[in-house]
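Only one structure is covered here, and it is reproduced in the block below.
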Protein chains: 2
Amino acid sequence: MAKQGEDKSLQKLAGLRRQHKELINLMPLQTGGILTKAAREALVEFGDGYSVCDFCQGSLCDVANPPIRDFVHELLPQFLGCEVATVTHGAREAKFMVMHSLAEAGDSILVDANRHYTTVVAADRVGLNVIEVPHSGYPEFKVDINQYAPLIRKHTPKLILLTYPDGNYGNLPDARRLGEIAQEYDIPCILNGAYSVGRMPVSMEEIGADFIIGSGHKSMASAGPVGVLGMRKKWEEGVLRKSPTYSKKDIELLGCSVRGVPLMTLMASFACVKERVQHWDEQVSKAQWFSAELEKLGFKQLGEQPHKHDLLYFESPALYEISRRVRERGYFLYKELKDRGIWGPQPGMAKSFKLSTFAADRQQLEFVVDSFKAILSKYD
Amino acid sequence: MAKQGEDKSLQKLAGLRRQHKELINLMPLQTGGILTKAAREALVEFGDGYSVCDFCQGSLCDVANPPIRDFVHELLPQFLGCEVATVTHGAREAKFMVMHSLAEAGDSILVDANRHYTTVVAADRVGLNVIEVPHSGYPEFKVDINQYAPLIRKHTPKLILLTYPDGNYGNLPDARRLGEIAQEYDIPCILNGAYSVGRMPVSMEEIGADFIIGSGHKSMASAGPVGVLGMRKKWEEGVLRKSPTYSKKDIELLGCSVRGVPLMTLMASFACVKERVQHWDEQVSKAQWFSAELEKLGFKQLGEQPHKHDLLYFESPALYEISRRVRERGYFLYKELKDRGIWGPQPGMAKSFKLSTFAADRQQLEFVVDSFKAILSKYD
């Protein structure tokens, strides 16, 4: 890069702005991660480098000031319905550390076909074979939990995993049934709750899983990246094993994991998050109403019907038809929505797209419905 | 926890304040991670969850808006003197991913005896044997790079690593000599520059290493945690190998690593960081002056003399004597310094302590010297 070009690049890095900051946010990755007021304050207070480590005695999860110890060892296990908890860089890192602790290269694991891509990549990193429990295909893509049992008998996996809900369709399979199967076959079971923990009530104990994983930036009103991992006490010695040389240092966390401000935002938002999961029924009825409204416009909601989650996947043939004859192609939808103060579908997508109704209120969603109507009329 | 106690704990999490925020900061973990003004703005702008992923096309390092792609693929390699770079959750995570890619359980690696504890824990996670090149012991703790060669011949390690400088004494061993040895024996060589990259000029190419690792929160004016990893092109295929199922997803990064605001602070501070390393000579003379002043008070600086880095380790027998006869024991020093607006030695330490002069200016350091004098007089 020539000197002048580089100077310009450097300057650009110092004053970056987010285009979507003030818009109505329907973006599935983002609606559960919008910060609370308290988290915004924590950002500024603990923004500098290693600010959380002022009073470290050797382990992040045991820091008393700020009260990380209370959060990780008291509040989090209670919230997750587990016996032991820790914090991670995110849900994928939690999956990897469990897989890396309980399975070895060449072993198999059994997961639902709606699993997030990071489930596969985490397994790749350990060298595991991934067997998938199929979904029902178009249009509902449902996973029948009873199909785990024959595949367990066939493949003797070291671990089983369920994505609850999946990030594509927002389907919520019968997790309790999987807990029973896991106990029947005595196989450790991971519940990937990246889109449930922090949005809806979910308890590892009630489900009967061995591990529960959550994502701070996806569903717990936190800055990215940060995650939570809960487990039964019987797995603590294996997954949270300490270094032979450093008795306070977790091997799988490389000593300390999320040693910075994302953890502080997770903690600062926690009271709000704990409260908001109590209103999940309102979220579900809002999502169902919104889905019905878009279906009236000719869009088709894929995934479970009636829908039980704010993550929604729509096919939109009418928008696709428009995209084929306008200059901006699929980007016209992004542009039209943005012009109306709405941010949601991935830029470029028009044939089908994912939305989340979690962060928007009814009035905003009515405006979104009206905006889709207006866009359809405009290009009619 | 009883309901009332829990409510109190929850409230406490929402309004946390940092006691040391406005003090003169000499804390070795923190002086290189204090945010720039631009980074403070980035914190607020990109604080919400997955804000950096607005325009994701499948890989964090290829995001064009914000310009992560330019930063990772253009600016960072040039800054690190390497051919290929990526971003990680921190220096330890970078060490683990290189070790996990190039060595297998049961293999040996050779590292300096002043290595950070996370070098050992990362090796534990892979199952490696760690062989150490000894230091010279008290008082300088110097590592003689020529001792790598016979240990390479004896143990045939898969990797060699040098901590440059180490975090205890701030010693800067002859890294270029290690680069020559690595090339002579054709062994991949990691330079752990967690306390050099972002503070002082350092170039992987000039040193002749295969990998260079830096820490955003330790030395690049970033929120924690975030790190950088640079390498020769020949290692890209191994360390940055992609998932067989997802061709855009790095296995060792689990798809994307630091997918959030710490990366944005790293980018926002980068122009300042790039500039500040040009003034390293001033930092060294400031550290040397400060060390000489404290030695005049009867403290003894351990590590290399003359010192070449802002990380300083002092023995302070006079303070230790005081700590033995006061109620607060070793905490008296923390308290006395805090009362004077100074934050540095780990609370509880009085017999010996570590400081960094990186963030304080001459005038502030003069005040620190005067404060130590005043504390010694007070308890005389």
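All heavy atoms count here, side chains included; hydrogens, waters and symmetry mates do not. Computed from a predicted structure; not experimentally measured. So you know, we letter chains A, B, ... as the sequences are listed, proteins then strands, and number each from 1.
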**Asked** Highest number of heavy-atom pairs under 4.5 Å with chain A: which of B:Met264, B:Met27, B:Glu93?
**Response** B:Glu93
**Prompt:** Just how far is it from atom NZ of A:Lys249 to atom OH of B:Tyr117, taken to the nearest 0.5 Å?
**Reply:** 3.5 Å
**Contact summary for B:Ala223 and B:Thr265, nearest pair of heavy atoms** = N-OG1, 3.0 Å
**Fill in**
Per-residue tally against chain A (heavy atom, under 4.5 Å) across B:Gln57, B:Arg40, B:Lys242 peaks at B:Arg40
**Message:** Does any backbone or side-chain atom of B:Pro347 lie under 4.5 Å from a heavy atom of chain A? Answer side chain, backbone, both or neither.
**Reply:** side chain
**Fill in**
So, the part of B:Val130 with a heavy atom under 4.5 Å from chain A: the answer is neither
**Complete:** Closest heavy-atom pair, B:Gly167 versus B:Lys354, reported as atoms and distance to 0.1 Å, is O-NZ, 3.6 Å
**Message:** Is the distance from the ring center of A:His89 to that of A:Phe96 below 6.0 Å?
**Reply:** no
**Asked** For A:Val52, is it the side chain, the backbone, both or neither that has a heavy atom under 4.5 Å from a heavy atom of chain B?
**Response** neither
**Item:** A:Arg125 versus chain B, the contacting section by heavy-atom distance below 4.5 Å
**Value:** both
**Request:** Report yes if some heavy atom in the side chain of A:Glu275 is under 4.5 Å from a heavy atom in the side chain of B:Leu10; otherwise report no.
**Result:** no
**A:Lys218 portion near chain B, given a 4.5 angstrom heavy-atom threshold** = side chain
**Prompt:** Checking heavy atoms, do the side chain of B:Ala42, its backbone, both or neither come under 4.5 Å from chain A?
**Reply:** neither
**Complete:** Whatever's closer than 4.5 Å to a heavy atom in chain A on B:Asp250 counts as backbone
**Asked** How about B:Ser215 and B:Pro225: do any of their side-chain heavy atoms sit closer than 4.5 Å?
**Response** no
**Item:** Closest approach of A:Cys56 to B:Gln346 (non-hydrogen atoms, all atoms of both residues)
**Value:** O-NE2, 3.3 Å
**Asked** Side chain, backbone, both or neither: which part of B:Ser51 has an atom under 4.5 Å from a heavy atom of chain A?
**Response** both
**Prompt:** Mind checking what makes ring pair (Phe, Tyr, Trp, His ring centres under 6.0 Å) contact with B:His116, not counting sequence neighbours?
**Reply:** none
**Message:** I'd like to check the salt bridge (charged side-chain N to carboxylate O under 4.0 Å, His left out) partners of B:Asp124; sequence neighbours left out, ordered by chain and number.
**Reply:** none
**Item:** Selection from B:Tyr334, B:Phe71, B:Phe46, B:Phe270 maximising heavy-atom pairs under 4.5 Å formed with chain A
**Value:** B:Phe46
**Asked** Can you tell which of A:Arg18, A:Lys338, A:Lys21 makes a salt bridge (Lys or Arg N to Asp or Glu O under 4.0 Å) with B:Asp54?
**Response** A:Arg18
**Asked** Would the number of heavy atoms belonging to other residues, nucleotides or ligands and lying under 6.0 Å from CD of A:Glu104 be above 12?
**Response** no
**Fill in**
Ranking B:Cys256, B:Cys272, B:Ala105 by heavy-atom pairs under 4.5 Å to chain A gives rank one to B:Cys256
**Prompt:** Side chain, backbone, both or neither: which part of B:Met267 has a non-hydrogen atom closer than 4.5 Å to chain A?
**Reply:** both
**Prompt:** Which heavy atom of B:Gly216 sits nearest a heavy atom of B:Leu266, and at what distance?
**Reply:** CA-CD1, 4.0 Å
**chain A contact via B:Thr36 - side chain, backbone, both or neither, heavy atoms under 4.5 Å** = neither
**Message:** Need one label for B:Tyr246: side chain, backbone, both or neither, based on atoms under 4.5 Å from any heavy atom in chain A.
**Reply:** side chain
**Side chain / backbone / both / neither for B:Met220 at chain A, heavy atoms under 4.5 Å** = neither
**Part of B:Lys12 lying under 4.5 Å from any heavy atom of chain A** = side chain
**Request:** Can you tell which part of B:Val261 gets under 4.5 Å to a heavy atom of chain A, answering side chain, backbone, both or neither?
**Result:** both
**chain B contact via A:Ser101 - which portion, at a heavy-atom distance below 4.5 Å** = neither
**Complete:** Among B:Gly260, B:Ser257, B:Gly224, B:Ala14, the residue with the most heavy-atom pairs under 4.5 Å to chain A is B:Gly224
**Prompt:** Picking from B:Gly47, B:Ala38, B:Gly348, which has the most non-hydrogen pairs under 4.5 angstrom with chain A?
**Reply:** B:Gly47
